[in-house]
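Fair warning: this is a prediction, and the values are worked out from it, not measured in the lab. Order of the sequence lines sets the chain letters (A, B, ...), proteins ahead of strands, with each chain counted from 1.
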Amino acid sequence: MTETVDSDRDPVDRDPVDRYDVHATESRWLAEWERLGLYRAGGEDDPRPRKYILDMFSYPSGDLHMGHAEAYSIGDVGARYWMMRGYNVMHPVGFDSFGLPAENAAIKRGLDPVAWTYANIETQSAAYRKFAVSFDWSRRLATSDPDYYRWTQWLFLRFFERGLAYRKASPVNWCPDDQTVLANEQVVAGRCERCHAVVTKRNLTQWYFRITDYADRLLDDMVELEGTWSDQVLTMQRNWIGRSVGAEVDFVIEGHDAPVTVFTTRPDTLFGATFFVVAVDSDLAATLAAGGEHEAAYLAYRDQVAAISEVERLATDRPKTGIFLGRYAVNPVNGERMPVWAADYVLADYGTGAIMAVPAHDQRDLDFARAFDLPVRVVINTAVGDASAVEAGTALGGDGTLVNSGGYDGLAKDEAIERITADLAAKGAGKKAINFRLRDWLISRQRYWGAPIPIVHCATCGEVAVPDDELPVRLPDSTTVDLAPKGISPLATAAAWLHVPCPKCGGDAQRDSDTMDTFVDSSWYFLRYCSPSYEDGPFDPAAVRRWMPVAEYTGGREHAILHLLYSRFFMKVLFDLGLVGCEEPFAALYNQGMVVMAGSKMSKSRGNLVNLGDELAAHGVDAVRVTMLFAGPPEEDIDWADVSPTGASKWLARVWRLAGEIGAAAEVDEAEDPPLRRTTHATIAEVTRLVESHRFNVAIARLMELTNALRKSVDAGHLGAPSVNEAIAALTTMLAVFAPYTAEECWARLGHEPSVHQQSWPVHDPALSTAQTVTCVVQVNGKLRDRVDVAPDVDEATLQELALATEGAQRAIAGAAVRTVVVRPPKLVNIVLG
RNA sequence: GCGCGCUUGGUGGAAUGGGAGACACGCCGGCUUUAGGUGCCGGUGCCUUCGGGCGUGGGGGUUCGAGUCCCCCAGCGCGCACCA
């Protein structure tokens, strides 16, 4: 018998039941594991098959919370399982450590962002260790390390060289609270994704990544992810990219030099176009209105629209507004003159910011036509309705045949689209086109705590890349910078840092004073992990080829179209640069649910925060982990009010007591318990399958059943039997992935040397897991009437005979005629009466 | 509005088209304990004349057999949302 944990127990406590002291266990094994140096990924020569298990890294905002506990419990099971299965597993840890909270802490509380961030990193690192996450600590990185952001900048310059990073002036999303611009992906329903302030628009010159160049590949390559990523995330990415197939059509505007192009998915409805609309906030609208008699009215309308918030503007049930610009566009298919209007229902940044309006077949156009009494012409005969429906205000969508469309009458939709597009192309007035909803990724941020953009602006040379050998462009000391939000980057206030000679001509020049979006940092961290101290590039290409793609990626659903889309984009660019060997970074993605409290998201303002530290102090790490994993399927939310850490504690203590009793007993062959052997081997088979399919709640239920079976067996006098020893060994080994401390403690109580975490996952013997008899269900007319125990290989005829003879079947048949008997050996017989 | 998903005891949840409610929580009873508990054992869907009847949001269908597959409806949740 090995040491017990109750050495510090009160000697006057005469309690006959051993008490499992979780906290003493934790401190003992935490130190021992450090000494053993577990969980380090194998090197280049390691012959084991590799598996890259990754958890989304955390932002070091403070200590870990309940959400972290859930996410890392889930990711850790996979990592530990594959290690025990003999894989060379890389399970790295790092910190997404640039970002606003550090800067806001600096502004509010006068702290140095560097000190604040790195203190939090140490706090979180200690918490991860305590929580027993099987991380390879030798690979730890932080995106705010100069050794890391040097390569973020290096990658930016490769993008810049290829024209994938560029600057343009454009109306951009502006968060008035955070005093910085935001990417489209960071605006949720018109509000800032982070602070929920209502976003406004500003015209600014900013840096963009040309993600739209990769729209097709980002969309098409999703077929590779089908089945290993959730449909929900794939759908969200598809919708976000938003590919529409149609045509571009050129309209001549009378008195305007260049024709105006519109995008439409329905060129077959061209003959139904009765007016033309340009986005009120587009340059085109201003140009068309300029100098005309309607200019004043246009400007007034534009100001009126500008005053409405983005949130209000997004409300779809708003009445349509607009203004006539006094101009006419000419329909290229029939030469008709159509009035040109400006309206806010047409978006400046989608398509060309101008549309042909076909009110009979587009609800928005119809609403507009009815508001301003514009003509409506039905040009498609559809099954869904007719002119009277249009009259009543319902546009006719769907397929049909063309009418009122000149020589195209009678054609079906698809053929009409084909012909009309081809005819336009022949006239030089249009062509087939594909349009995306995806916009280029705006990466400039007017904040201090991020990777500086490694560009120098020179009056003579323009935008000049900082030479690679001068990277990193380090952040100036925060004390030399005015961090207060003022709409321009704090870096612009660090005069000594800002002014540098132009790398090209040596003349006076200025550094770009913006920093990069932190999503740039996190778009390649999984590559840096492969060779975290590599000095000749962002990563060692050979190491990346060995480890990538990530086999299992665990993280929250909130990144469905942010981090996950950006990372996929980066990977494709790096593939094109020849730096990586695969185009998709994450072979499988698991989205864990959230931890909520009493039905709602935990928050300070709701007063329903559950403090992880308190839970750990009350129940211990293992009980909290098991509670998270046992609560339900990992992808579902956990309501902490509905679950029971007490239940988990009880189970772990049961296993601990069993291990103590069994470990203390001498092995005796005569007390064998064959049914327990079967349970053990059946459990191994099932838990293996369940862990691989991420059904941890059911896997734990099976281990609880094995525990119960083992308790019964020991109580029935089988203590010392090989079957009992085998069962506790299997249970302890499998428990290691869910409750690492308790498993290690049990392993020691069984008399083994540490560590259980270096043991192999148990292997089930099919010969032992097969039962000698199975219970066959006897149904009459589909209703359960009796059961009969039979051999697993019973034949149909025998089984039918046995079933018909059962008391329950006879009572239910009660002399009635048997029409047919469905026999499914060995589990079921259904007797159908006539 | 469009798209997707979900709906099973008091609760969280199990169930390759074949025994509904595994495993837990909670509750009830018993045992052990000076007492308490994170100990041990048993019970726990509803009804019952103890034969059985009913039961997976509601309605219909397919099938020898449906929680599971199909159709309709309701409720809840999520995503997108004037994307031409």
Give the table of side-chain donor-acceptor pairs shorter than 3.5 Å for residues 824-834 of chain A, with sequence neighbours excluded, one pair per line with atom names and distance.
| from | atom 1 | to | atom 2 | distance (Å) |
| --- | --- | --- | --- | --- |
| A:N830 | OD1 | A:G782 | N | 2.9 |

Worksheet item: Starting at the 5' end of RNA chain B and moving along, which residue's nearest nucleotide shows up first, A:V822 or A:I561?
Response: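 Upstream on the strand: A:V822.
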
Worksheet item: With nearest nucleotides of RNA chain B determined for A:T235 and A:N830 from heavy-atom distances, which residue corresponds to the more 5′ nucleotide?
Response: A:T235

Discussion item. By the rule that syn is within 90° of 0, classify the base conformation of B:rG42 as syn or anti.
Written reply: anti

Fill in: Glycosidic class, syn or anti, of B:rG9 using a 90° window around 0
syn

Quick one: [X] [atom1] to [N] [atom2], roughly how many Å, whole number?
X      : N      : atom1 : atom2 : value
A:D637 : B:rG13 : CG    : P     : 10 Å
A:W229 : B:rG5  : CH2   : P     : 19 Å
A:N591 : B:rG5  : CG    : C1'   : 14 Å
A:R19  : B:rC40 : CZ    : C1'   : 16 Å
A:W656 : B:rC40 : CH2   : P     : 12 Å
A:R557 : B:rC80 : CZ    : C1'   : 16 Å
A:R711 : B:rC40 : CZ    : C1'   : 8 Å
A:H619 : B:rG37 : NE2   : P     : 16 Å

Practice prompt. Mind telling me whether A:F368 and A:F372 have parallel, tilted or perpendicular rings, with 30° and 60° as the class edges?
Written response: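 Rings of A:F372 and A:F368: tilted, as their planes differ by 30° to 60°.
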
Worksheet item: Would A:R749 and A:E745 pass as an ion pair if we require N to O under 4.0 Å?
Response: no

Worksheet entry | N-O pairing of A:E661 and A:R711 below 4.0 Å |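 Here A:E661 pairs with A:R711 in a salt bridge, since their nearest N and O are under 4.0 Å apart.
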
Under 3.5 Å, which protein N or O atoms sit close to an N or O of nucleotides 42-45 of chain B? Give each pair with its distance.
none

Worksheet item: Which is it for A:R678 and A:S769 under the side-chain contact (heavy atoms from CB on, under 4.5 Å) test, yes or no, and what are the steps along the way?
Response: CA-CA 4 Å; A:R678 268 198 301 283; A:S769 59; 5.9 Å; no

Discussion item. Test: salt bridge (Lys or Arg N to Asp or Glu O under 4.0 Å). Region: residues 229-244 of chain A. Which pairs qualify, not counting sequence neighbours?
Written reply: A:D216-A:R243, A:D220-A:R243, A:E226-A:R238

Discussion item. Ignoring hydrogens and geometry beyond distance, is a side-chain donor-acceptor pair present between A:Y20 and A:T742 at under 3.5 Å?
Written reply: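 Yes, because at least one side-chain N or O of A:Y20 sits under 3.5 Å from a partner of the opposite role on A:T742.
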
Discussion item. When you compare the side chains of A:D250 and A:T261, does any donor N or O come within less than 3.5 Å of an acceptor on the partner?
Written reply: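 Result is yes, a qualifying pair exists.
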
Worksheet item: Contact class for A:V777 vs. all strands (heavy atom < 4.0 Å): base, sugar-phosphate, or nothing?
Response: base

Fill in: Pair pattern of RNA chain B in dot-bracket, where unpaired bases get dots and | marks partners in another strand, Watson-Crick or G-U under 3.5 angstrom
(((((((..(((.....[....)))((((((.......))))))(((....)))..(((((..]....))))))))))))....

Worksheet item: Under 4.0 Å: is that the gap between some side-chain N or O of A:T775 and OP1 or OP2 of B:rG19?
Response: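 For B:rG19, neither OP1 nor OP2 has a side-chain N or O of A:T775 closer than 4.0 Å.
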
Between protein and nucleotides 21-31 of chain B, what N or O pairs are separated by less than 3.5 Å?
| from | atom 1 | to | atom 2 | distance (Å) |
| --- | --- | --- | --- | --- |
| B:rA22 | O2' | A:E705 | OE1 | 3.4 |
| B:rA24 | OP1 | A:N708 | ND2 | 2.6 |
| B:rC25 | OP1 | A:K650 | NZ | 3.4 |

What's touching nucleotides 49-52 of chain B from the protein side, N or O pairs under 3.5 Å?
| from | atom 1 | to | atom 2 | distance (Å) |
| --- | --- | --- | --- | --- |
| B:rG51 | O3' | A:R811 | NE | 3.4 |
| B:rG52 | OP1 | A:R811 | NE | 3.3 |
| B:rG52 | OP1 | A:R811 | NH2 | 2.9 |

Item to complete: Can you check whether any acceptor in the base of B:rC80 is under 3.5 Å from a donor in the side chain of A:N239, or vice versa?
Response: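 Side chain to base: no pair below 3.5 Å.
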
